[in-house]
Amino acid sequence: MVSDALMDDSIRASWARLDTRFPLVEAIFPACMADAQSVLTPDGLSAFLEAGRIIGKLGRGAEPLLAFLEAWPSTARAVGEDLLAPVMAVVQGLQKSPNGRAITPFLQTLAPVAQRLQAGEQLQHYLDLTLDLMARTTRSIHGFHTTYPSPGLPDFFNQAPTLLAQLDIGGLRRWVDYGVRNYATHPERQKDYFSLQSADARAVLQRERHGTLLVDVERHLDLYLRALWRDGDLLIPYSTAFDELRKPVPYYDPLGIRLPDVQDDALGVSGLDRYRAMLAHMVGHRRWSTPQIADNWSPFQRMAVEFFEDCRVETLLIREYAGLRRLFLALHPRPVEDACNPETTSCLRHRLAMLSRALLDPEHGYRDADLNAFVTHFHALMAQGTSSTRDIAVLALAYVAKTRRQSDQFAKVHFENTVIDYRDDNRHLWRFIEQGDEEERFDETRRNDAHDDLPRLPPRHYPEWDYHSQTYRPDWVSVYEGLHPSAQAGDIDRLLQKHAPLAKRLQRLLELLKPQDKVRIRYQEEGSELDLDVAIRSLIDFKAGSNPDPRINLSHRTNGRDIAVTLLLDLSASLNDKVKGSEQTILELSQEAVSLLAWAIERLGDPLAIAGFQSNTRHEVRYLHIKGFGEPWGDEVKARLAAMQANYSTRMGAALRHAAHSLRARKSDKKLLLVLTDGEPADIDVQDERLLIEDARQAVRELERDGLFTYCISLDPRADAYVSDIFGRRYTVIDNIERLPERLPEVFLALTK
């Protein structure tokens, strides 16, 4: 059973329901439950545990269950918990087929895929696409039973986040379809295609890339809504690639604003500006439109009201920002006046599109007398103020009565140049007294059952660099942070006493580096005070007939240090090794060195944070806080330092990214991340020795880009073979580990002079 210290009764009951004995799952389960309970409803939490129990019984080890426990809370946060059943249907479909080994990559990439798609409908399209790919590429013998797994399915799952970063879901479907059609009988070429290794795969990817993806500009649009329109709501994408008969159009409801997942540049307007036009139009409706009772109105009458009301809100928007007229007119079709033949075709839609253009465009050029008369009525009504939906409805119904024709009932409808695709579907304009298909039904708002008293924080997910494909594996590593346990603070005091002579020598160096509040600057022509020595000398020169020195003033400047330091300690199991020729372990020497360094930095007054890290596969990277920036060097910090223990492995890249998260927020002029390690980055779930070295190197580059200075102090005599690959020239190798307590403070002081 899981330790009582880590779980309360409810989590212990959840662990029993999960019914698994994987040690690694046991270690991270409390934190995973903390994350799940902050997102899921009670019913959703029950389904989550049942799904975990099923995945744990598949006979495929701990990895699928670990991936699911970490991925599902993030997935539910992005697309809702109702998608769990379809996700489990895919898992069970893979398990029942020869494609069971694809379950793990499917679950590992589920969260980044969901975060990219941002809507349940979009994720459902992805799941359907997955099942279709499996069915079309899983081979059989003599056509009876599927026997051979899909060659490219696991690679497709691994590449799905990368593909969706460049394609909308419709483009992904076309990319997959091309690979299946052309390589269905070539297993090796199929594998190359779905792993993005073949030139063909990259060429088709480039061909399918188009337009502006909503997920890439979502933050810009959110700022646009809030800054210009003082409005804001969740932006939810939908795809137009899966509805062949009736293309969906933008709309809004209590759950958010629905927009297409991609917009191409068109008519001289960028995709981003097309999104802005859609949002502005819907903001106008949200601000000025009121619902009308629609039961007694015909569909044609409702259509006319919608066209008139669309023009009313756009007129009001143009009053606020005149430049919107150019944007709306660029996207609004310009119907040709005589394009529709009323003898054979219903022209109602054509007439309304012409009217809509005329209401917005003072230079429309249409000659129809009725159209021009109602344009005049419309502008006269708007001249009185903002008008109202009800007043506009009266005008619209009068227009229908005035212009209706028998041919409006024809089945053949003229659609050319009548689709105004930046406008929403106006569902918000109508209420129906009788309940029916038209009535919108909404889900209840999900309750947030967050528990602030859980024993562990939810994990933070970080990417990891794959140097083979030169791409990130999104949300690949789970970092669990917590406060380091405590022991006896007196142990650290004894260590400091042991190094008292060294402390005295450091004290002299510290006095030289210690910032002075005021430093005098002499020989100034202008200053805050008179420099008496120089002034008297100048007076003597003047009376002696020589030219006096005019620099008789002095000024002051503040001589201060503005440095924030994070000391990141490698607490992997190799620190338990004894130093050659000594009875001390590397861990004990590290405690002495860190204690002296913390004491020295406290004397200088620089903000200091100390943290340790260790890893047990990518699922469990522990980040342990020993001292925070705001904590003084006192007994609490000493007690944590005294309790330092070394375990597990060294996944350095994730620890660097997490340490940078808090250091980046400091206001200091210089931000130093000092890493103390005794070996190269490694972990038990990684066989490629270069993989984690390259990831740490990429993490250092990320920190440099953000203005953080990294420096490594390595205790590994063989570090020259790899440490320069990670840190460049910013490292020191201490071959004589027994000198660490002396060398660590000296290196820091040299770096911060």
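Because the structure is predicted, anything quoted here is derived from the model rather than measured. Keep in mind that the numbers below use all heavy atoms, side chains included, and drop hydrogens, waters and symmetry copies. Numbers for residues simply follow the sequence, beginning at 1.
- In terms of the side-chain contact (heavy atoms from CB on, under 4.5 Å) criterion, residue partners of Gln470 (sequence neighbours excluded) are, by chain and number, Trp465, Tyr467.
- The pair Asp695-Arg473 does not count as a salt bridge, with every side-chain nitrogen at least 4.0 angstrom from each carboxylate oxygen.
- A salt bridge is defined here as a Lys NZ or Arg NE, NH1 or NH2 lying under 4.0 Å from an Asp or Glu carboxylate O, and Lys191 with Glu188 fails to meet this definition.
- In this view, Glu689 satisfies the salt bridge (Lys or Arg N to Asp or Glu O under 4.0 Å) rule with no residue, not counting sequence neighbours.
- Taking Ala111 as the reference, Ala71, Ser74, Thr75, Gln115, Asp475 meet the side-chain contact (heavy atoms from CB on, under 4.5 Å) condition, with sequence neighbours excluded.
- Remark: Asp35 engages Arg77 in a salt bridge, criterion side-chain N to carboxylate O under 4.0 Å.
- The list of side-chain hydrogen bond (donor to acceptor under 3.5 Å, both in side chains) pairs with a residue in residues 100-114, not counting sequence neighbours, reads Glu63-Gln108.
- Taking Arg116 as the reference, Asp216 meet the salt bridge (Lys or Arg N to Asp or Glu O under 4.0 Å) condition, with sequence neighbours excluded.
- Qualifying salt bridge (Lys or Arg N to Asp or Glu O under 4.0 Å) partners for Arg664, counting only residues two or more places apart in sequence or in other chains: Asp706.
- A cation-pi arrangement is found for Arg139 relative to Tyr148, the charged atom lying closer than 6.0 Å to the ring centre and inside a 45° cone about the ring normal.
- Qualifying side-chain contact (heavy atoms from CB on, under 4.5 Å) partners for Pro237, counting only residues two or more places apart in sequence or in other chains: Gln118, Ala119, Gln122, Leu214, Asp261.
- Electrostatic pairing of Arg705 and Glu702 does not count as a salt bridge here, judged by no charged N lying under 4.0 Å from a carboxylate O.
- Not a single ring pair (Phe, Tyr, Trp, His ring centres under 6.0 Å) links Phe727 to another residue, sequence neighbours left out.
- Looking at Glu481 and Arg460, no side-chain N of the basic residue comes within less than 4.0 Å of a carboxylate O on the acidic one, giving no salt bridge.
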Donor-acceptor contacts under 3.5 Å from residues 159-168 side chains, at least two apart:
from, atom 1, to, atom 2, distance (Å)
Gln166, OE1, Arg209, NH1, 3.3
Gln166, NE2, Thr162, O, 3.4
Asp168, OD1, Gly171, N, 3.2

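- The side chain to side chain donor-acceptor pair (under 3.5 Å) test applied to Arg136 returns Asp132, Asp177, not counting sequence neighbours.
- With sequence neighbours left out, the side-chain contact (heavy atoms from CB on, under 4.5 Å) criterion links Ala682 to no other residue.
- Annotation: salt bridge (Lys or Arg N to Asp or Glu O under 4.0 Å) contacts of Asp716 (sequence neighbours excluded): Arg718.
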